[in-house]
Amino acid sequence: MEREVLMEDLKKLYSSSDMVKADCGGCKGCHDCCCGMGDSIVLDPYDIYQMNKHLGVKFEELLNHKISLHAEEGLILPNLKMQGKEDGCAFLNEKGRCTIHAFRPGFCRLFPLGRIYEDGSFSYYLQSQECTKANRTKVKVNKWLGIPDLKQYENFVNEWHYFLKDTKALLLRLSDAQLNQELSMYLLNRFYTTAFDLESDFYKQFDERMTQMKKLIYTLDRQ
C-alpha cells in the first residue's frame, strides 16, 4: 500500500542537520499513525536486526504474531502487522503505546517526515497532512531520528532503496515467473530469514551480503 505524497510537501526538502516542525511532544494520548497502515510500514534488514537483538527472537518468530509478508512489484518483503479493532500495530500495548519505541523501525522514526529519492540520493520532507497532532515544535532531523552513526545508516538506507528499485526493474525485464519467485525468496532468505550476527557490526555484514547479492543480480542481468 503506497502512501500518497503531496507535491506541496516536496517544495521544502531537508537534510539531517536541518530544523523541521516534526516534534509531536511524545505523542501523548495519540497513536493514530500506528493504526490502519496496511502493509505500508515495510521493514528493512536493519529493522529486523534491531528486533532480533532487543527482543531476542528470530525472524520466523516475529512472523507468527508481529510482522507479515507482502508482495511488492515481484519481491516478497516484511511489514509491520496491523490487528485488532483499531487495526493497530501489533507492537502497541493495551494503552496504545509502542512497546519497541527504543528500537522502532526506520519508517516509524521518520514520521511525520518522509524521504524523497532523486539522482542516487535522498532528502527528507515533512508530510503536512499525515500527523493529527497540533502545535508541533521544531527539532533537528538527526535528533528526531535518534539513530547512532546516522551517516552510516543513511548510506545503508540509500543503498537498500536503490538496490530494491533495480531488482524490481530486473524482475520486470526477465518476465520469468519461476525465476522471479526464486530470486525473491533468495533475497528474503539472504537479508531477513538468515540472521545477522548480533554481536558483530550490522553494516559490515550487510555489505558482505550485498556484494554477493549484486554479483547474482549482475549475472542474471547478463543472461
Side-chain angles (χ1 to χ4, degrees), residues 1-6 8-9 20-116 124-137 139 141 143-147 157 160-161 164 168 184-185 187-189 191-193 195:
M1 176 173 124
E2 293 287 337
R3 308 298 292 184
E4 183 180 356
V5 178
L6 300 179
E8 187 70 23
D9 291 346
V20 60
K21 215 169 194 179
D23 196 332
C24 307
C27 302
K28 295 177 182 177
C30 178
H31 57 271
D32 287 355
C33 64
C34 304
C35 298
M37 300 301 290
D39 57 16
S40 66
I41 311 300
V42 182
L43 303 171
D44 62 37
Y46 183 76
D47 295 330
I48 296 299
Y49 172 85
Q50 289 288 90
M51 290 181 188
N52 290 163
K53 186 171 185 176
H54 293 281
L55 294 174
V57 298
K58 295 181 179 180
F59 182 74
E60 292 85 350
E61 295 175 76
L62 291 170
L63 270 178
N64 288 334
H65 305 289
K66 303 298 185 181
I67 66 176
S68 303
L69 296 177
H70 72 285
E72 185 176 299
E73 298 178 63
L75 296 180
I76 299 173
L77 298 171
N79 58 270
L80 288 181
K81 185 177 182 180
M82 302 290 134
Q83 62 184 20
K85 292 182 180 179
E86 287 190 303
D87 194 27
C89 175
F91 284 107
L92 289 177
N93 64 19
E94 64 280 358
K95 295 182 179 180
R97 306 304 287 173
C98 178
T99 58
I100 59 168
H101 191 264
F103 50 95
R104 62 199 183 281
F107 277 8
C108 303
R109 288 181 177 276
L110 268 177
F111 193 83
L113 300 178
R115 302 188 194 100
I116 180 70
Y124 299 99
Y125 68 95
L126 180 63
Q127 302 178 85
S128 61
Q129 304 301 312
E130 291 292 327
C131 181
T132 59
K133 201 75 172 177
N135 303 316
R136 294 192 301 271
T137 57
V139 62
V141 172
K143 183 178 180 181
W144 181 247
L145 295 175
I147 297 176
V157 165
W160 183 245
H161 170 84
L164 291 183
K168 290 172 184 177
S184 183
M185 292 306 297
L187 185 150
L188 183 68
N189 179 65
F191 290 103
Y192 293 101
T193 308

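Owing to the predicted nature of the structure, the values given are computational and were not obtained by experimental measurement. All residue numbers refer to positions in the sequence shown, counting from 1. In what follows, every heavy atom counts, from backbone to side chain, and hydrogens, waters and symmetry copies are set aside.
Under the 4.5 Å side-chain criterion, counting only non-hydrogen atoms from C-beta, Glu60 is not in contact with Tyr192. Side-chain contact check for Leu164 versus Leu77: some heavy-atom pair is nearer than 4.5 Å. Put simply, the side chain of Asp39 does not reach to within 4.5 Å of the side chain of Ser68, judged on heavy atoms. By the 4.5 Å heavy-atom criterion applied to side chains, Arg104 and Asp47 are not counted as neighbours. Contact check for Asp9 versus Leu126: no side-chain heavy atoms found under the 4.5 Å cut-off. In this structure, the side chains of Trp144 and Pro112 come closer than 4.5 Å at one or more pairs of heavy atoms. At least one side-chain heavy atom of Cys89 sits less than 4.5 Å from a side-chain heavy atom of Met82. Residues Leu62 and Asn52 have side chains in contact (heavy-atom distance under 4.5 Å, counting atoms from C-beta outward).
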*Apply side chain to side chain contact (heavy atoms under 4.5 Å, CB included) to Leu75 and Leu188, showing your working.*
CA-CA 8 Å; Leu75 296 180; Leu188 183 68; over 6 Å; no
*asked:* For Gln127 and Leu113: C-alpha separation, side-chain torsions, deciding distance, then whether side chain to side chain contact (heavy atoms under 4.5 Å, CB included) applies.
replied: CA-CA 6 Å; Gln127 302 178 85; Leu113 300 178; 5.7 Å; no
_Could you walk me through whether Phe91 and Arg97 satisfy the side chain to side chain contact (heavy atoms under 4.5 Å, CB included) test, starting with their C-alpha distance in whole Å, then the side-chain angles of each, then the deciding distance to 0.1 Å, before giving a yes or no?_
CA-CA 8 Å; Phe91 284 107; Arg97 306 304 287 173; over 6 Å; no
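In this structure, Gln50 CD and Leu43 CG are separated by 12.0 Å, a value rounded to the nearest 0.5 Å. Interatomic distance, CG of Asp32 versus CD of Glu86, reported as 8.5 Å (0.5 Å rounding). A distance of 7.5 Å separates CD1 in Ile147 from CG in Leu110, rounded to the nearest 0.5 Å. How far NZ of Lys168 is from OG of Ser184: 10.5 Å, rounded to the nearest 0.5 Å. To the nearest 0.5 Å, the span separating SG on Cys34 from CG on Leu80 amounts to 9.0 Å.
Residue pairs meeting the ring pair (Phe, Tyr, Trp, His ring centres under 6.0 Å) criterion with at least one partner in residues 22-53, sequence neighbours excluded, are Tyr46-Tyr153, Tyr46-Phe202, Tyr46-Tyr203, Tyr49-Phe202.
Asp23 meets the side-chain hydrogen bond (donor to acceptor under 3.5 Å, both in side chains) test with no other residue; sequence neighbours excluded. Under the side-chain hydrogen bond (donor to acceptor under 3.5 Å, both in side chains) criterion, Thr99 pairs with no residue, sequence neighbours left out. The ring-ring contact (aromatic ring centres under 6.0 Å, His included) search around His54 returns Phe103, not counting sequence neighbours. Residues that satisfy the ring-ring contact (aromatic ring centres under 6.0 Å, His included) test with Tyr124, not counting sequence neighbours, are Phe122. With sequence neighbours excluded, no residue satisfies ring-ring contact (aromatic ring centres under 6.0 Å, His included) with Phe107.
Looking only at distances, no side-chain donor or acceptor of Asn93 sits under 3.5 Å from a matching main-chain atom of Cys98.
Listed here is the closest heavy atom pair of Pro105 and Ile100: CD-CD1, 4.0 Å. A pairwise comparison of heavy atoms in Asn79 and Gly38 identifies ND2-O, 4.1 Å as the closest pair. Here the shortest heavy-atom pairing between His101 and Arg109 reads O-NH2, 4.2 Å.
Looking at Glu61 and Lys66, no side-chain N of the basic residue comes within less than 4.0 Å of a carboxylate O on the acidic one, giving no salt bridge.
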